[in-house]
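No hydrogens, no waters, no symmetry mates; every other heavy atom, side chains included, goes into these values. These numbers come from a predicted model, not from an experiment.
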Amino acid sequence: MRIMLVTTTNFLNYALYSLNGQTDFCAVVTDDIEQAKNISANYKLPETLLHPIYELKECCRDFYFDLCIAVTNWETYGDITEMLKEYGLPKEKFLLLNLFAERYQFLLSSLLKYYRENLPDCEIFATGISYSAKSVLSSCFKKKLINFAGQSQDLYYDFKVAKEILSTGGGANFKYALIGLAPYSFHWDESKGYNSHWYILQYYIAFKDLHNFRLSPEEYGKIFRTEFFEDGVKNFYEDYKKSFNIDNPVSEMTGATMTQKFRVTARKMIDEWQKENRNYPETVAENRQILDDYLTLCESKNIRPIMFLPPMTEGYKKYFDKKRYDEFLY
C-alpha cells in the first residue's frame, strides 16, 4: 500500500513510529523540512520524500498513492482536513488519525481490562456517545456502575461492548444496562464518518473489528507497527489504573468542560453533523436491528435495559432537524 503522510514536524517522530516500518511512502508532507530531515533520517527515509505543506495541493494532484494518512492533534486536524477536501482528496483515500489523543486509542482496552480485574461486582453498565460518557455519574446511583460510553460511539460498538462484558462466564452481576441514545443514533455509523477515524482505532485494538469501514481489519492492521499497539496498551493501562475514577472513568480521561474553540465553532459543527457525518439513511434498518438485538441480549441475561436521552447543548437542541428528532421519538 502506497502512503502519503501529512503531519507537522512536532508529531512526525510519533507518526513514523506508529506506522509500519515497511510502509511504502510516496511523500511525507510537513511544515518544517529542515527539522524533518533529522527525524526522517532516524527511520532511514530519503530526504527526497519530504515536501513542504504549502505544496500539499500539488502532492495530492501529482503523486500516486492508495491512502493519505493525516496525523494531527486537536489544533490542526480541522485545518488539514479542510485543505485535503479542498484539494479534491477522495474520502476513500483519506485516513485521519489523532494519535496524540492516546486516551482514546487505548481507553476502551484499558477500561475492559480494568473491569475484568477490579470491578466484577458491578451491577450497572452504561453505553452511548460522549453525552452519555459525560452525564452518567455513578455517584448518583446507589449501585456500582461502570461507564463504557465513548466519543462518537455508535450503536454497533455499544452492542459490541455489551456482548463482550456479558459473554459466557462474565457479567454475572449486572442487573441494569443504561443505553444512551441521541436523536441521530439510528442514522449514525461511526465507521463511515469523515473525521472519526481516530476513534475507530480503539475498536481495532480492542476487538479487531472495524464494522463498515472501507479498509478490512487485515489491511488496517498492516498500517501500524505491532509495537505501537503492544507498548501503547501496556503503558496506558498502568497510567489508567492510577487515575481511574469509578464515578465516571471516560469523562475523567477526556475532560467534560466545553472548550473555547468548541463554543466558537459549535454552530458550524452542528450544521456539518446534520448535513454529512450523521445522516446515513441506509444504516437506519441496521441500527434498529442492532438495538433490538441489544435489548434481547439484556433480557436473555435477566438484565433490565433502560434507554435514555442524555442532556444536549442548548445550541444543538435549538438547531437540530425537527423532522429527524420526531422520527427518532416515534
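For residues 285-300, there are no salt bridge (charged side-chain N to carboxylate O under 4.0 Å, His left out) pairs, not counting sequence neighbours. Within the structure, the side-chain hydrogen bond (donor to acceptor under 3.5 Å, both in side chains) test picks out the following pairs touching residues 18-36 (sequence neighbours left out): R2-D24, T9-D31, T9-Q35, E34-K37. Applying the salt bridge (charged side-chain N to carboxylate O under 4.0 Å, His left out) test to residues at least two apart or on different chains, the pairs with a partner in residues 113-124 are R116-E164, D121-K144, E123-K143. Pairs passing the side-chain hydrogen bond (donor to acceptor under 3.5 Å, both in side chains) check and including a residue from residues 43-52, sequence neighbours excluded, read N13-Y43.
Scored by the side chain to side chain donor-acceptor pair (under 3.5 Å) test, Y87 finds no partners at all (sequence neighbours excluded). E55 meets the side chain to side chain donor-acceptor pair (under 3.5 Å) test with no other residue; sequence neighbours excluded.
By the 6.0 Å contact criterion, CE on M1 is enclosed, its count of non-hydrogen atoms from other residues, nucleotides or ligands being greater than 12. Annotation for K222: atom NZ does not count as buried by contact number, only 12 or fewer foreign heavy atoms lying within 6.0 Å.
Listed here is the closest heavy atom pair of V29 and P52: CG1-O, 3.8 Å. In terms of heavy-atom proximity, L84 sits nearest to C60 at CD2-SG, 3.7 Å.
Relative orientation of the F328 and F186 rings is tilted, given thresholds of 30° and 60° on the angle between their planes.
By the 4.0 Å N-to-carboxylate-O rule, D209 lies close enough to K160 to be salt-bridged with it.
You'll find the side chain of L297 reaches within 4.5 Å of the side chain of K163, heavy atoms only. Counting only heavy atoms from C-beta outward, the side chains of V28 and S40 never approach each other to under 4.5 Å. By the 4.5 Å heavy-atom criterion applied to side chains, I165 and I146 are not counted as neighbours.
Expressed to the nearest 0.5 Å, how far CG of L181 lies from CE of M307 amounts to 6.5 Å.
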From CA spacing to verdict: side-chain hydrogen bond (donor to acceptor under 3.5 Å, both in side chains), E227, Y17
CA-CA 9 Å; E227 297 83 357; Y17 164 74; over 6 Å; no
